[in-house]
2 protein chains.
Amino acid sequence: MSEQEKPKFTDISELGEFGLIDRIKSETKIYTKESVKGIGDDAAVLVNLEGQHTVVSTDMLVEGVHFDLSYMPLKHLGYKAVAVNVSDIAAMNVIPKQITVSIAVSNRFSVEAVDELYEGIRLACENYKVDMVGGDTTSSRAGLVISVTAIGQGKADEIVYRDTANKGDILCVTGDLGGAYMGLQVLEREKQVFLSNQEMQPELSGKEYVVRRQLRPDARTDIIHELKEIGLLPTSMIDISDGLGSEVMHLCKGSGLGAVIYEEKLPIDQETYHVATDEFKMSAITCMLNGGEDYELLFTIKQEDYPKIKNSPNITAIGYMQEKENGVKLVTKMQQVIDIQAQGWKHF
Amino acid sequence: MSEQEKPKFTDISELGEFGLIDRIKSETKIYTKESVKGIGDDAAVLVNLEGQHTVVSTDMLVEGVHFDLSYMPLKHLGYKAVAVNVSDIAAMNVIPKQITVSIAVSNRFSVEAVDELYEGIRLACENYKVDMVGGDTTSSRAGLVISVTAIGQGKADEIVYRDTANKGDILCVTGDLGGAYMGLQVLEREKQVFLSNQEMQPELSGKEYVVRRQLRPDARTDIIHELKEIGLLPTSMIDISDGLGSEVMHLCKGSGLGAVIYEEKLPIDQETYHVATDEFKMSAITCMLNGGEDYELLFTIKQEDYPKIKNSPNITAIGYMQEKENGVKLVTKMQQVIDIQAQGWKHF
């Protein structure tokens, strides 16, 4: 039967567990020679690189908590589930090589819906050159749950932790901040408009960047390659998943230090700025400090390494680490000095 | 405030994400020297043992699908979630060393309930000497979801796959079969009795073994140690999570072979036999072939290795591998020859 002749929606029960696993396995490519055994046995088998450490991270995404399928296409969701885990490995200054993906889906999802999710997962695997080497597929009584574990290997002395910053180190961020958060605000607003009048079409023009930041974020593995190329080893690093404020607090707490960051240095995209200030009457600084899910990297470097990054279009110096007693501070454009507070998530 | 003075139920929102992570982290012990960095950074860091491969497996347990909290104590659930993943690594002939644990919990769970779950997780970690090196905690809109990833390392030529059995190899199982399945039947029956008359207390006496097999199964890492001690390298191996029939089919499919197993050889505990045949009027063979969740090991060995296992109280030879054309067969006690069918799960 050709692709065209297939019925559009297939019950997962028609395939069963083994059929679904075979379907997922058959479409899965392997990119690295380190993946000896992928999907299909009790466990995946990976080559240990000599003199390196294995780095492992895991994240769980839950429908209704981390994503809303009324505006999150399944393909993007699959991509994002991989990207956020890849980002955690990148935040250790390591390039991820493998992932495992477990999903729980209710029977309201068709085989085609699962296909779309895995299409996004595979797209991310291709983009980041990571191998999907295992996972689990099960049903759920309610929503969709995706749990991804990402694995990489790095030389022991090149793995960068969050608790090793030193006083005087320069704080740097990659890319720009607050976009993903404003994308979420736009999508939530359009959802409410649609719910109150189902003939309204979502108005997303001029907001493509922020919406993309929310729906299909990219992990900054490119920065890890760039840092290796310019011979720069950060003194500490973390990825920005909960918002800059929170992550700066983590670096400070881990390293037993304080920090100062300057509002005027914080990178923001013009579209993010416009959407925040003009459309949502929100201060840009709130959006940058508290808005999560940008998946940019926050790291510290020694002062003498500053020349290596100062011309990079991808990296911005935003402040420095100071003694713990001096606190974690933001210097506003008006030269006010205020305390930074951690936000964290408030899902419960 | 002392333990006694604490209020009994605490809302997770009172602790928040970071509070909950700190609570989990503070109680967590590390048993192996290979775990360089555990909970608390973007990723865990593990020492690569030279000349070894890393083995990774993951399983997701979903409330209402894999467990029913009306009779599954959270502590047992935590233990079981670890054991089933440890079992997958054992099934590669490898001793697991680390796990990551991600949970999604709804706000109907208190901090104390989460504590109880992690108490079981920690008990399993202590028992199997595995380190909990990472994970994720999030909320869920509905039930509880637990996703565990287990990691171990083994010498490349000692890792055992499911697709490497040879014709003539002897099929062996560990322990006894069908207990976990009968335990589930007992628990389900008692639940129905309780639902129809809430003054009835569950009647579990004389069923302690099967109930324990269901609620708190153990992974057979002891067998992996035993095999190493007696110098026996299986030619193929798998763990019995879906029932013996299904797993024999997997070995056969993977290895391109058929198999014969003998009903009279299949190991069953007396209590399992009694509960199956007397109480549930079920044939013992159905229970052994199709009942899942025993987490025993199924493996093949060369014929010349048979003397090494024949006196082991933990290992039983149940049949042998044959040519694919001869099929996958069960020889009953009445000497009837019947086809074995795969079951797999039918959650959808």
Side-chain angles (χ1 to χ4, degrees), chain A residues 11-13 16-18 36-37 41-50 52-60 62-66 88-89 91-92 94 98 100 102 104 107 133-136 138-143 145 147 149-151 153 159 161-163 238-239 342 344-348, chain B residues 11-13 16-18 36-37 41-50 52-60 62-66 88-89 91-92 94 98 100 102-104 107 133-136 138-143 145 147 149 151 153 159 161-163 238-239 342 344-348:
Chain A
D11 249 32
I12 294 178
S13 59
E17 178 189 20
F18 301 138
V36 177
K37 183 82 190 184
D41 215 302
D42 295 290
V45 179
L46 320 173
V47 173
N48 282 355
L49 299 177
E50 222 180 295
Q52 304 215 358
H53 284 355
T54 289
V55 176
V56 183
S57 186
T58 191
D59 260 311
M60 191 182 260
V62 179
E63 184 177 351
V65 178
H66 301 95
D88 277 322
I89 302 295
M92 304 300 285
V94 171
Q98 290 92 12
T100 65
S102 295
N107 56 13
V133 294
D136 197 7
T138 181
S139 63
S140 87
R141 286 287 168 265
V145 179
S147 176
T149 298
I151 302 167
Q153 297 183 71
I159 294 173
Y161 299 87
R162 62 172 67 170
D163 56 1
I238 194 169
D239 73 330
W345 57 229
K346 301 203 186 61
H347 293 152
F348 290 106
Chain B
D11 248 34
I12 295 178
S13 59
E17 178 189 20
F18 301 138
V36 177
K37 183 83 191 184
D41 214 301
D42 296 289
V45 179
L46 320 173
V47 172
N48 282 356
L49 299 177
E50 222 180 295
Q52 304 214 0
H53 284 353
T54 289
V55 176
V56 183
S57 186
T58 191
D59 260 312
M60 191 183 259
V62 179
E63 183 177 353
V65 178
H66 300 95
D88 278 321
I89 301 296
M92 305 299 286
V94 170
Q98 290 93 10
T100 65
S102 295
I103 60 164
N107 56 14
V133 294
D136 197 7
T138 181
S139 62
S140 86
R141 285 286 168 265
V145 180
S147 177
T149 298
I151 302 167
Q153 297 184 70
I159 293 174
Y161 299 86
R162 62 172 68 170
D163 55 1
I238 192 169
D239 73 331
W345 56 229
K346 301 204 185 61
H347 294 152
F348 290 106

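Here is how names work: the chains are called A, B, and so on, in the same order as the sequence lines, proteins then strands, and each is numbered from 1.
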Minimum-distance pair of heavy atoms, taken over all atoms of B:Ile89 and A:Ala43: CD1-CB, 4.1 Å
Side-chain donor/acceptor of B:Asp42 to backbone N/O of A:Met92, under 3.5 Å: no
B:Gln153 versus chain A, the contacting section by heavy-atom distance below 4.5 Å: side chain
Point-to-point distance, once rounded to the nearest 0.5 Å, from CG of B:Asp136 to CG of A:Asp59: 4.5 Å
Euclidean distance, B:His66 NE2 relative to A:Ser139 OG, rounded to 0.5 Å: 6.5 Å
Interatomic spacing from OG1 in A:Thr149 to CD1 in B:Ile151 - rounded to 0.5 Å: 7.5 Å
A:Arg141/B:Val65 under side-chain contact (heavy atoms from CB on, under 4.5 Å): CA gap, chis, key distance, verdict: CA-CA 7 Å; A:Arg141 286 287 168 265; B:Val65 178; 3.9 Å; yes
Heavy-atom pairs under 4.5 Å with chain B, option from A:Gln98, A:His53, A:Lys37, A:Gln52 with the top count: A:His53
Structural part of B:Ile159 lying under 4.5 Å from a heavy atom of chain A: side chain
Step-by-step side chain to side chain donor-acceptor pair (under 3.5 Å) determination, A:Thr54 to B:Asn48: CA-CA 6 Å; A:Thr54 289; B:Asn48 282 356; 2.6 Å; yes
Shortest non-hydrogen contact between B:Val62 and A:Ala104, atoms and distance: CG2-CB, 3.8 Å
Part of B:Glu50 lying under 4.5 Å from any heavy atom of chain A: side chain
Exam field: side chain B:Asp41 to backbone A:Tyr161, donor-acceptor pair closer than 3.5 Å: no
Option in A:Val47, A:Val133, A:Asp11, A:Val56 with maximal non-hydrogen atom pairs under 4.5 Å from chain B: A:Val56
Contacting moiety of B:Ile103, where chain A heavy atoms sit under 4.5 Å: backbone
Region of B:Val145 in contact with chain A, defined by heavy-atom distances below 4.5 Å: both
Residue pair B:Ser102 / A:Ser147, side-chain donor-acceptor N/O under 3.5 Å: no
